[in-house]
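The structure presented is a predicted model; accordingly, all values stated were derived computationally and were not measured. Counting starts at 1 for both ligands and their atoms, following the listed order.
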Amino acid sequence: MNYRNATLNDIPGIAELQQKYHVLTINDEDKKDGFVTTLFSEEQFKELIEKENGVAIACDDDKIIAYVMAASWQFWSKWPLFQHMISDLPYTEYLGKVLSVENSYQYGPICIHKDYRGTDVLPNIFEFSRTQMNKRFPILITFINKINHRSYNAHTNKLGLDVIKSFEFNNNQYYELGYDTSKKTKGSEI
Ligand SMILES: CC(C)(COP(=O)(O)OP(=O)(O)OC[C@H]1O[C@@H](n2cnc3c(N)ncnc32)[C@H](O)[C@@H]1OP(=O)(O)O)[C@@H](O)C(=O)NCCC(=O)NCCS
């Protein structure tokens, strides 16, 4: 498996994975194993890659089998859910610090093709993304829909993220989670 930052040429492969596991287009059978909610257009993938170098991918030969997005809050601020999270940062403490757009970034979505789940792809791609972002930010922040049990288990039990709080947005219930980006990822081998 090869872990690297995505380039513009990778967009079609990433968009294919997004389509397969996005809440609006996922099939019923796959939904119980998680889904992604933030929807990227081609233009937004391009902006994330060019401005933030913010897409990590795992490739099996030349096939993209997983991606992780990560970027500054400024990048995410066009989506209403992130506007809500940004406005709440000054009221949230984690690792003894009040959160801000300077000391934290938003990680996710993460998506792994179902043939590669339950393997070391999860810790390895998380670790790859962490080592890119820890040069810029000491704290990772993310959210998980409370009905996405697999993602919750993966992020808390396996990767060791901490639940900071719960919040509601657009009639959905979410956990907000954090991670200290100076910590090497448990179970990663890269
Ligand atoms: C979420 C995701 C990245 C996790 O990676 P993964 O390789 O599947 O994670 P793992 O299988 O290593 O770990 C999942 C954990 O949940 C458990 N689990 C498996 N299926 C589950 C289910 N349907 N419901 C609840 N828990 C489940 C597993 O047992 C495992 O926990 P354990 O090792 O303590 O037993 C991956 O499933 C995925 O891409 N899902 C679709 C997109 C998605 O949900 N992205 C996250 C958005 S927040």
Side-chain angles (χ1 to χ4, degrees), residues 1-4 6 10 13-40 44-45 48 54-60 63-71 73 75-76 79-82 84-85 104-130 132-133 139-179 181 184-190:
M1 209 69 60
N2 179 28
Y3 299 89
R4 62 176 172 83
D10 298 313
I14 299 165
E16 198 181 312
L17 259 188
Q18 170 178 259
Q19 159 92 9
K20 196 165 161 52
Y21 299 113
H22 192 272
V23 66
L24 298 175
T25 40
I26 193 169
N27 70 39
D28 284 347
E29 195 204 315
D30 288 342
K31 198 170 173 187
K32 65 172 181 356
D33 289 313
F35 50 87
V36 295
T37 44
T38 311
L39 184 63
F40 283 74
Q44 287 162 339
F45 282 133
L48 181 56
V55 186
I57 55 174
C59 302
D60 190 0
K63 189 175 159 48
I64 298 172
I65 56 93
Y67 65 73
V68 166
M69 315 296 185
W73 289 106
F75 173 80
W76 300 108
W79 281 274
L81 181 136
F82 295 118
H84 173 83
M85 289 180 79
S104 66
Y105 71 101
Q106 206 288 134
Y107 147 94
I110 176 172
C111 189
I112 302 175
H113 188 285
K114 65 178 176 185
D115 293 351
Y116 296 83
R117 294 185 193 159
T119 71
D120 61 7
V121 169
L122 173 73
N124 286 347
I125 197 168
F126 184 88
E127 174 67 4
F128 182 84
S129 177
R130 179 193 74 85
Q132 307 295 303
M133 298 304 284
I139 296 172
L140 170 158
I141 295 294
T142 191
F143 71 97
I144 299 177
N145 191 314
K146 287 196 177 178
I147 64 170
N148 193 343
H149 303 293
R150 184 168 190 141
S151 180
Y152 178 82
N153 285 334
H155 283 93
T156 55
N157 300 337
K158 294 213 137 159
L159 298 176
L161 273 68
D162 301 308
V163 174
I164 301 175
K165 59 163 71 170
S166 294
F167 67 94
E168 182 180 321
F169 188 78
N170 255 349
N171 295 322
N172 287 304
Q173 304 295 325
Y174 298 100
Y175 292 110
E176 182 167 328
L177 302 99
Y179 189 80
T181 63
K184 187 171 163 66
T185 310
K186 209 169 51 168
S188 68
E189 287 153 14
I190 59 166

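Residues lining ligand 1 at a heavy-atom distance below 4.0 Å are given as Lys32, Asp33, Gly34, Phe35, Val36, Ile110, Cys111, Ile112, Arg117, Gly118, Leu122, Asn148, His149, Arg150, Ser151, Asn153, Ala154, Lys158, ordered by chain and residue number.
Lys20 is linked by a side chain to side chain contact (heavy atoms under 4.5 Å, CB included) to Asp30, His113, counting only residues two or more places apart in sequence or in another chain. Partners of Val23 according to the side chain to side chain contact (heavy atoms under 4.5 Å, CB included) rule, which considers only residues two or more places apart in sequence or in another chain, are Lys31, Phe35, Thr37. Contacts of Glu127 classified as side chain to side chain donor-acceptor pair (under 3.5 Å), with partners at least two apart in sequence or in another chain: Arg130, Thr185.
Phe143 pairs with exactly one of Trp79, Phe82, Tyr175, Trp76 by the ring pair (Phe, Tyr, Trp, His ring centres under 6.0 Å) rule, that one being Phe82.
Residues Tyr107 and His155 bring a donor and an acceptor atom of their side chains to less than 3.5 Å of each other.
Between the Tyr179 side chain and the Thr142 main chain, no donor and acceptor come within less than 3.5 Å of each other.
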